[in-house]
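To start, the structure under review is shown below, and the notes come after it.
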Protein chains: 2
Amino acid sequence: MSNSHRMTVREMARLAGVSVATVSRVFNGTGQVSEEMRQRVLESIKAHGYQPDHRGRALAARRHNAIGLVFPGLAGPYFGELIQGFELEVVQSQAAVHILCTHMRSDSDEQVIEMARRVDGLAVLGGTVSDDAVLRLAGALPVVVLAGKGPGAVPSIRAENHDAMRALTTHLLETHGLRDLIFVGSPDGSPDISERWDGFRAAHRDTGRAQRRRPVRAALRQEDGVQVATQLLKRGPLPQAIVCANDETALGVLVGLLGAGVRVPEDVVITGFDDVQMAGLVAPALTTVRQPIRELAAETARQLLRASTDPPQSRLLPTELVIRRSCGCAGARNTTGDPARRDP
Amino acid sequence: MSNSHRMTVREMARLAGVSVATVSRVFNGTGQVSEEMRQRVLESIKAHGYQPDHRGRALAARRHNAIGLVFPGLAGPYFGELIQGFELEVVQSQAAVHILCTHMRSDSDEQVIEMARRVDGLAVLGGTVSDDAVLRLAGALPVVVLAGKGPGAVPSIRAENHDAMRALTTHLLETHGLRDLIFVGSPDGSPDISERWDGFRAAHRDTGRAQRRRPVRAALRQEDGVQVATQLLKRGPLPQAIVCANDETALGVLVGLLGAGVRVPEDVVITGFDDVQMAGLVAPALTTVRQPIRELAAETARQLLRASTDPPQSRLLPTELVIRRSCGCAGARNTTGDPARRDP
DNA sequence: TTGAAAGCGGTACCAC
DNA sequence: GTGGTACCGCTTTCAA
């Protein structure tokens, strides 16, 4: 029991009266071992609480049994879900999760490269690491870009952004007949946001409506949304609709405007993107696009975990338009977006 | 240059025309090396882009150069800040961060124990791992309990909760003359919350006011707060004040009540705990207690990083009462709480 | 100062 | 089937 302190294969072998090779074979279930030996060794292993040392195994097997996740730093539910989805999948496979926050630091590329030397595979959130660094990394170990497009042939796991945002925007333009929409988010901030911005513009083009306003640049946290609300109120007449790049910002804008006495959706329409849990709970409930956040992360983890035998493949997961009250609709119905499909 | 693929100490030694021992000494700056050798080796190292393998080092040095962080799973800004504060400190020390979310799984103790075999030190969020498991772990490697009290002699890094919550509650009872307060949060959910609940009760005892309501059990996320609001509205007359165990819940309650047309603080007072960024931005701004979240995490990381030479010490960091508008105060002034002090 | 060699803990090949 | 042994890549005595 318990005295697993200085317990090594050699020590186990001695105690069980067998060779180290046999102990290793039994523990790993590899090679041929007679049932008799097997039982003897297993008992001894259990009795002495032997657990092979990760360092020795890693060295011998030339792998770390760990995979890394790189993200910008986290605040709200989006990153929370992402991390949990990732971690759950990795831990279930008996591997370890390393994390690295870039914090928008300038030297983060080097730190990512350093981290890459300690893991068997790397998941990088879109927009957190330079294309150049991603390409270099991909030459050294399996890399998957999560929520973004990888440079070159680097595979990526992402959700359908463009068409979903186009559908959402078209809903506002056509169904609600709105003319004056504003986009909140930084198109050059991350690949996801960039695609959503493109979808927003595409909807205007498709329907032949002029796009009057330039996007309001804002980071993706709820507090950034509050500040956008303040800014919009100060700037003059509100637009008819505020199309936010993500839910957290939208919730911030909503809170900010409601606090100032603006009625939603009567005075102004607000929409989000992600469908985080809060989106369905606020009043008015947020019209948004549902994105399978945990599944994106889980799929990324799975691809990396089996990367030694099976090179990662790009995936585009479907999203779904979720109509609620904040756009002016009375009830709550769903419109299904694109089905799952592979990247070209 | 780049060809760091199969570059080992032995290969470097051959290329530089020296022994592996010398390469190791030069790289690590240990032992005595003549300046001439030193230069020759350094050049060669740079020229061939040699980087020692972490696995080999770990095995030889009998350490992992990694530390672990165990938390329940994350959603909002509180855990986000915690993780970032921790990660920043660890990465600056060239070490790696392993994470494990318990997800409230029943088998999480085993997973924590498994994780402990891959790191040199472990930070455990209060309430995520059983006391029994924490004690076992502490016998095998340095362990620090973050935001909670460790069992036995296990050191902990936490913020002052009890007196701060007592001060906040007293403010409501005395300054605002409120009588009917309700506490939102699960006293048995985590050590932090338990202490805040005790402070809430202490304030009632101190001032000789009866405590009329039982706590509303709720998890700590914003969405849980929204549901609490719904529940309170359904249940009958609102209390005079809703004292939430943390800001995220308070923000949810606030959003929920405002959405239902309740005026804050006129109809009901709401307070939080943590002082996350949103707390100061909502309308009305939230009266709360400021807690140095990042610093708690950073201090925990620092203690673990130097644990091999310097056993971790318990720390109690100060908190600060932050009076804003949601309690009914007009302006916004601060009252300083307890100064920093050591745990007994 | 420098180098040869013995580990660190496991794995796996190669004989018996 | 089983055991001896040579690695995996690096650090660190111990001699020279």
Side-chain angles (χ1 to χ4, degrees), chain A residues 3-42 44-45 48-66 94 114 117-120 140 308, chain B residues 3-42 44-45 48-66 94 114 116-120 140-141 308:
Chain A
N3 198 11
S4 65
H5 253 315
R6 292 245 136 281
M7 194 56 67
T8 73
V9 235
R10 274 171 255 272
E11 180 68 357
M12 272 310 300
R14 197 182 60 72
L15 289 167
V18 300
S19 74
V20 294
T22 300
V23 173
S24 178
R25 283 191 280 252
V26 169
F27 196 93
N28 297 303
T30 57
Q32 307 287 320
V33 186
S34 71
E35 195 50 31
E36 183 199 14
M37 281 266 108
R38 205 183 140 58
Q39 287 308 327
R40 172 143 54 112
V41 175
L42 279 177
S44 202
I45 283 179
H48 298 88
Y50 167 69
Q51 290 280 87
D53 184 294
H54 282 291
R55 292 165 291 218
R57 298 187 110 178
L59 184 55
R62 287 201 208 67
R63 54 126 189 71
H64 302 269
N65 200 28
Q94 316 266 45
E114 175 58 29
R117 306 198 311 115
R118 302 166 148 271
V119 295
D120 304 315
S308 59
Chain B
N3 200 12
S4 65
H5 251 318
R6 292 245 137 281
M7 193 58 67
T8 73
V9 236
R10 272 173 260 274
E11 181 67 358
M12 272 311 300
R14 199 183 57 71
L15 289 168
V18 300
S19 74
V20 295
T22 301
V23 173
S24 177
R25 283 192 277 252
V26 169
F27 195 92
N28 297 303
T30 58
Q32 306 288 323
V33 187
S34 71
E35 194 50 33
E36 183 198 15
M37 282 268 105
R38 204 181 141 58
Q39 287 308 326
R40 174 141 55 113
V41 174
L42 279 177
S44 202
I45 282 178
H48 299 89
Y50 167 70
Q51 291 281 87
D53 184 293
H54 282 292
R55 292 165 292 219
R57 298 188 110 177
L59 185 55
R62 287 203 211 66
R63 54 124 189 74
H64 302 270
N65 200 27
Q94 317 267 44
E114 175 58 28
R117 305 199 312 113
R118 304 166 146 271
V119 295
D120 305 314
L141 82 173
S308 58

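Computed from a predicted structure; not experimentally measured. A note on names: the letters A, B, ... follow the listed sequences, proteins ahead of strands, and every chain is numbered from 1.
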With sequence neighbours left out, the residues meeting side chain to side chain contact (heavy atoms under 4.5 Å, CB included) with Arg14(A) are Glu11(A)
For the residue pair Val26(A) and Met12(A), establish whether any side-chain heavy-atom pair is separated by less than 4.5 Å. no
By side chain to side chain contact (heavy atoms under 4.5 Å, CB included), Ala60(A) pairs with (sequence neighbours left out) none
note: Met12(A), atom CE; dT2(D), atom P; distance rounded to Å ~ 15 Å
Sorted by chain and number, sequence neighbours left out, side chain to side chain contact (heavy atoms under 4.5 Å, CB included) with Ala21(A) holds for Ser19(A), Arg25(A)
Hits for side-chain hydrogen bond (donor to acceptor under 3.5 Å, both in side chains) against Asp53(B), two or more places apart or cross-chain, chain-then-number order -> Arg55(B)
Sorted by chain and number, sequence neighbours left out, side-chain hydrogen bond (donor to acceptor under 3.5 Å, both in side chains) with Arg118(A) holds for none
- Query: Reckon Arg55(B) touches a base, only the sugar-phosphate, or nothing at all at heavy-atom distances under 4.0 Å?
  - Reply: nothing
Contacts of Thr8(B) meeting side-chain hydrogen bond (donor to acceptor under 3.5 Å, both in side chains) (sequence neighbours excluded), chain-then-number -> none
DNA chain C: first to last nucleotide in contact with chain B (atom under 4.0 angstrom from a heavy atom), 5' to 3', is dT1(C) to dG9(C)
For Arg63(B), the salt bridge (charged side-chain N to carboxylate O under 4.0 Å, His left out) test, sequence neighbours excluded, returns none
* Tyr50(B) versus Val9(B): any side-chain heavy-atom pair under 4.5 Å? -> yes
Separation of dC10(D) atom P from Arg63(B) atom CZ, nearest Å, is 12 Å
If the cut-off is 4.0 Å, is Ser34(A) near the phosphate of dT2(D), judged by side-chain N/O to OP1 or OP2? yes
A correct 5'-to-3' footprint of nucleotides 11-16 of chain D, with B, S and - meaning base, sugar-phosphate only and no protein heavy atom under 4.0 Å, is SBB---
When rounded to whole Å, the CG to P distance for the pair Asp53(B) and dG9(D) reads 7 Å
The complete set of side chain to side chain donor-acceptor pair (under 3.5 Å) pairs with one or both residues in residues 29-38 of chain A, sequence neighbours excluded, reads Glu35(A)-Gln39(A)
Overall bend of the helix from dT1(C)-dA16(D) to dC16(C)-dG1(D) (five pairs an end, 10° steps) is 50°
Residues at least two apart in sequence or cross-chain that pass side-chain hydrogen bond (donor to acceptor under 3.5 Å, both in side chains) with Asn65(B), listed by chain then number, are none
